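Below is one structure, written out as structure tokens; comments come after it.
Please read all numbers here as calculations on a predicted model, not as lab measurements. Counting convention: from 1, in listed order, for ligands and their atoms alike. Any value given below was found using the heavy atoms of this structure, including those in side chains, with hydrogens, waters and symmetry copies removed.
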Amino acid sequence: MQRYFGRILKKAISLDEEDKFHLLKVMRARKGEEIEVVADEKLYLCEITSIKPLLITAKKEIKENNELPNYVILIASLLKGDKIDLVLQKATELGVSEVILLTSERTVVKVRAHQSDLKLGRYQRILREAACQSKRLRIPLIQNIIDFSRIDEIDAQAKFIAYEGVKGSVSTFNKRLAAVKPGKRIAIIIGPEGGFTEAEVHYAKNNGFLPVGLGNRILRAETASMYALSVIANRLEDK
Ligand code: SAH
């Protein structure tokens, strides 16, 4: 069944504009049809009681929670081309709560091009679509681009920086994740195509970020995000 995001007032559901368009124009919904709507992070089985005007009624709440037991923040460096789009989509499927885009010393893309409202709108659309598709109760937040020097402001109890300079076993990452209590915030930084400088890793370390390896191979930045989030989701959901 199609899932949409909206708001609930008593039993009346109103959909977000984009979802309304999707329901009416793309899915060509009809009166009497049932849909799932997420409102206030709760899932409702709903019926379309009228098309013009669009009226949707919540029939019952469905108890279901596909969210991770922890708030997970991905701090992803800006990447060339459309690679961030892919990162956003996959990160949502893997349960991320928030994405913060980052510029660092070796960032090669023009930051300006990523800062427009148009881009942000596009990013939000990707997150929303992926959240619907992966049956989430939450659309991940996306934050404005920050510079690496501001990572000290990131509020999390378990903080990691993926660094290929950490050789050998991946157990540092796994062990630290195993010790994180449910509800605590987790953050992980992934570098740009050219990686981080030693000075940056040092700065991150001084600010409480644990350098962790993601296996013995060098991954592309977008793969590294997916790998890290897969490991995090796997560990958290296995508790
Ligand atoms: N500097 C490297 C590549 C960087 S890969 C080079 O050019 O050889 C891009 C980012 O992905 C890195 O900054 C890091 O955050 C992450 N990454 C890739 N492979 C990794 C690994 N094996 N362990 C930890 N992090 C990795």
Side-chain angles (χ1 to χ4, degrees), residues 68 70-111 113-114 123 126 130 140 142-180 185-236:
L68 293 178
N70 295 75
Y71 194 90
V72 178
I73 308 167
L74 172 70
I75 305 148
S77 299
L78 284 178
L79 301 173
K80 282 195 240 169
D82 292 337
K83 287 186 193 140
I84 283 294
D85 293 6
L86 181 74
V87 170
L88 293 177
Q89 186 193 61
K90 300 306 167 203
T92 305
E93 290 171 30
L94 293 166
V96 82
S97 312
E98 180 176 336
V99 181
I100 299 175
L101 298 176
L102 187 73
T103 56
S104 58
E105 210 168 306
R106 296 193 184 137
T107 299
V108 287
V109 298
K110 292 198 180 65
V111 179
H114 286 264
Y123 293 154
I126 294 171
I142 180 147
Q143 297 290 344
N144 241 332
I145 301 167
I146 64 162
D147 183 70
F148 195 86
S149 60
R150 288 182 54 198
I151 60 166
D152 60 330
E153 295 168 22
I154 285 158
D155 170 30
Q157 285 80 37
K159 300 191 283 188
F160 303 96
I161 178 165
Y163 183 46
E164 61 283 4
V166 183
K167 293 274 183 302
S169 122
V170 292
S171 62
T172 315
F173 194 25
N174 290 345
K175 277 192 194 136
R176 182 69 190 89
L177 284 172
V180 179
R185 293 161 68 94
I186 299 171
I188 179 147
I189 310 178
I190 308 288
E193 287 91 344
F196 289 122
T197 64
E198 267 182 47
E200 283 173 328
V201 177
H202 191 71
Y203 177 78
K205 234 170 156 173
N206 283 344
N207 282 289
F209 288 84
L210 179 69
V212 288
L214 306 177
N216 291 331
R217 293 147 303 278
I218 299 291
L219 308 172
R220 284 190 183 262
E222 59 275 28
T223 319
S225 282
M226 294 179 213
Y227 180 114
L229 291 172
S230 304
V231 170
I232 291 172
N234 183 277
R235 296 285 142 177
L236 298 182

Plane angle bin for Tyr203 and Phe148 - parallel if under 30°, tilted between 30 and 60°, otherwise perpendicular: tilted

N or O contact, Ala224 vs ligand 1, cut-off under 3.5 Å: no

Protein heavy-atom partner closest to atom 23 (N) of ligand 1 - residue, atom, separation in Å: Leu214 N, 2.8 Å

Under 3.5 Å: N/O of Gly191 near N/O of ligand 1: yes

Under 4.0 Å to a heavy atom of Leu219 - the qualifying atoms of ligand 1, by number: 5 (S), 18 (C), 19 (N)

Ring centre gap for Phe160 and Phe173 strictly below 6.0 Å: yes

Distance-only N or O hit between ligand 1 and Arg106, under 3.5 Å: no

Heavy-atom gap Pro192 to ligand 1 smaller than 4.0 Å: yes

Evaluation steps, side chain to side chain contact (heavy atoms under 4.5 Å, CB included), between Glu98 and Leu74: CA-CA 6 Å; Glu98 180 176 336; Leu74 172 70; over 6 Å; no

Single hit among Asn70, Asp155, Val72 for side-chain contact (heavy atoms from CB on, under 4.5 Å) with Arg185: Asp155

Backbone or side-chain N or O of Gly213 under 3.5 Å from ligand 1 N or O: no

Within-cut-off N or O pair, Gly194 and ligand 1, under 3.5 Å: yes

Atom 3 (C) of ligand 1 touched by protein (heavy atom, under 4.0 Å): yes

Atoms in ligand 1 flagged as close to Gly215, the criterion being non-hydrogen separation under 4.0 Å: 22 (N)

Check: Val212 N/O within less than 3.5 Å of ligand 1 N/O: no

Nearest non-hydrogen protein atom, atom 12 (C) of ligand 1: Glu164 OE1, 3.3 Å

Numbered atoms and elements of ligand 1 in range of Glu193, under 4.0 angstrom, heavy atoms: 3 (C), 4 (C), 7 (O)

Ile218 N/O to ligand 1 N/O under 3.5 Å: no

side-chain contact (heavy atoms from CB on, under 4.5 Å), paired with Ile188, selected from Ile75, Val96, Ile232, Val231: Ile232

side-chain contact (heavy atoms from CB on, under 4.5 Å) against Thr223, all qualifying residues, sequence neighbours excluded: Leu219, Arg220

Within-4.5 Å side-chain heavy-atom neighbours: Arg235 and Asn174: yes

Heavy-atom side-chain proximity of Ser225 to Lys90 below 4.5 angstrom: no

Closest approach of any protein heavy atom to atom 15 (O) of ligand 1, naming residue and atom: Ala162 O, 2.6 Å

Residue list, side-chain hydrogen bond (donor to acceptor under 3.5 Å, both in side chains) with Ser97, at least two apart or on another chain: none

Under 3.5 Å: N/O of Arg217 near N/O of ligand 1: yes

Close side-chain approach of Leu79 and Glu222, heavy atoms under 4.5 Å: yes

